[in-house]
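The basis for the numbers below is simple: all heavy atoms, side chains too, and nothing from hydrogens, waters or symmetry mates.
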Amino acid sequence: MRKGIILCFFLLGINIFSQSNEAKLKELISLTKSDRMLSMGFQGFMDHYNNKYKDLPSNFWDEFKKDMTPDKIFELYIPIYKKYFTDADVDALIKFYKTPAGQKLIENMPSLMKESMEIANNFAEGLNKKVNDKLNKHYHFQDPPPPAP
């Protein structure tokens with residue numbers, strides 16, 4: 001009997017800890033506006049199809065919007081955050097993202113990512129050209145290839 005009571009308290013403690021941890025993760029996800037980014041992505045997804053199919057009825061998306069609730073978004077993100085961050089990490093991240101520097105990072109992240117991707121793409125294209133030029137020179141390829149006999 002005593003073991004059963006101890007087990008119940010242990011499981012209750014785990015459940016309370018898990019709920020506390022999830023509350024912190026929800027706070028972190030909200031602070032970083034990750035949930036809003038997914039919602040904005042979904043809006044872009046809908047806009048794409050609305051532009052492609054002009055005659056969609058106004059209620060076409062109602063069924064799909066049910067899957068874009070804040071609870072559903074948290075349900076998608078929380079397991080990922082749990083995988084990569086300890087409770088101490090989450091506390092530290094929440095503390096950081098509440099600072100002016102953390103808020104500035106969040107606000108500028110979309111522009112940072114866009115510009116970083118553009119630079120990375122341009123760099124990759126230039127690198128690809130250099131590699132192909134060197135391969136062509138090494139293997140004596142001709143560009144364009146000689147006409148077929």
Side-chain angles (χ1 to χ4, degrees), residues 10-149:
F10 177 73
L11 293 175
L12 180 64
I14 289 174
N15 188 35
I16 290 169
F17 173 77
S18 176
Q19 289 173 355
S20 166
N21 191 6
E22 288 195 7
K24 288 179 184 181
L25 288 169
K26 285 180 183 181
E27 181 180 5
L28 178 60
I29 291 165
S30 295
L31 268 173
T32 59
K33 300 181 182 175
S34 297
D35 54 335
R36 291 186 199 159
M37 285 187 259
L38 185 60
S39 293
M40 287 172 27
F42 180 66
Q43 184 61 50
F45 178 80
M46 289 189 311
D47 291 346
H48 167 77
Y49 280 98
N50 285 334
N51 289 331
K52 190 172 180 178
Y53 302 100
K54 305 275 187 204
D55 61 341
L56 288 177
S58 60
N59 66 345
F60 178 83
W61 294 104
D62 291 350
E63 173 186 346
F64 301 101
K65 286 180 183 178
K66 291 176 186 172
D67 287 333
M68 292 306 298
T69 64
D71 286 340
K72 186 67 170 180
I73 292 171
F74 289 135
E75 185 181 309
L76 293 171
Y77 280 168
I78 285 175
I80 298 168
Y81 278 69
K82 280 183 177 181
K83 181 178 175 182
Y84 292 102
F85 300 112
T86 66
D87 228 19
D89 293 335
V90 172
D91 289 338
L93 287 166
I94 288 171
K95 185 176 179 180
F96 168 71
Y97 282 119
K98 285 184 174 181
T99 67
Q103 288 298 301
K104 187 172 185 177
L105 177 63
I106 291 166
E107 185 166 322
N108 290 303
M109 189 56 71
S111 299
L112 256 169
M113 293 301 295
K114 181 182 177 206
E115 289 181 40
S116 297
M117 288 176 64
E118 289 170 359
I119 287 171
N121 285 336
N122 291 338
F123 179 78
E125 286 174 11
L127 184 61
N128 187 46
K129 183 181 179 344
K130 286 181 182 180
V131 168
N132 282 323
D133 289 348
K134 191 167 184 174
L135 284 170
N136 289 340
K137 185 177 178 182
H138 179 77
Y139 288 105
H140 308 290
F141 293 148
Q142 289 182 347
D143 191 21

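- To the nearest 0.5 Å, atom CG of residue N122 and atom CG of residue L127 are 12.5 Å apart.
- Residues passing the side-chain contact (heavy atoms from CB on, under 4.5 Å) test with D89 are F85, T86, sequence neighbours excluded.
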- Message: Go through it in stages, so that I can follow the logic: the residues are K129 and D133, the test is salt bridge (Lys or Arg N to Asp or Glu O under 4.0 Å), and I'd like the CA-CA distance, side-chain angles, deciding distance and then a yes or no.
- Response: CA-CA 6 Å; K129 183 181 179 344; D133 289 348; 2.9 Å; yes

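- Remark: F60 engages F64 in a ring pair (Phe, Tyr, Trp, His ring centres under 6.0 Å) (not counting sequence neighbours).
- Scanning for ring pair (Phe, Tyr, Trp, His ring centres under 6.0 Å) contacts around F96 gives an empty result, with sequence neighbours left out.
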Give every donor-acceptor pair under 3.5 Å between a side-chain atom in residues 27-41 and any protein atom, sequence neighbours left out.
residue, atom, partner, partner atom, Å
E27, OE2, K98, NZ, 2.9
S30, OG, K26, O, 3.0
T32, OG1, L28, O, 3.0
T32, OG1, I29, O, 3.2
T32, OG1, S34, OG, 2.9
S34, OG, Y81, OH, 3.1
S39, OG, D35, O, 3.3

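- Within the model, atoms CG of N50 and CG of D55 stand 10.5 Å from one another, a figure rounded to the nearest 0.5 Å.
- When the shell of 6.0 Å around CD of E118 is examined, it contains more than 12 heavy atoms from other residues, nucleotides or ligands.
- For Y84, the side-chain contact (heavy atoms from CB on, under 4.5 Å) test picks out I80, with sequence neighbours left out.
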Return all side-chain donor-acceptor pairs below 3.5 angstrom for residues 100-113, not counting sequence neighbours, or 'none' if the list is empty.
residue, atom, partner, partner atom, Å
Q103, NE2, Y97, O, 2.5
N108, ND2, K104, O, 2.9

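- Remark: M68 CE to F45 CZ distance equals 10.0 Å, nearest 0.5 Å.
- A salt bridge does not link K95 to D91: none of the charged side-chain nitrogens sits closer than 4.0 Å to a carboxylate oxygen.
- A pairwise comparison of heavy atoms in V90 and K24 identifies CG1-CB, 3.8 Å as the closest pair.
- With 3.5 Å as the limit, one finds a donor-acceptor pair spanning the side chains of D47 and Q43.
- Looking only at distances, no side-chain donor or acceptor of N128 sits under 3.5 Å from a matching main-chain atom of A124.
- L25 has its side chain out of reach of Y77: every pair of non-hydrogen atoms, C-beta onward, lies at least 4.5 Å apart.
- The nearest pair of heavy atoms linking N21 to K82 is ND2-CE, 4.4 Å.
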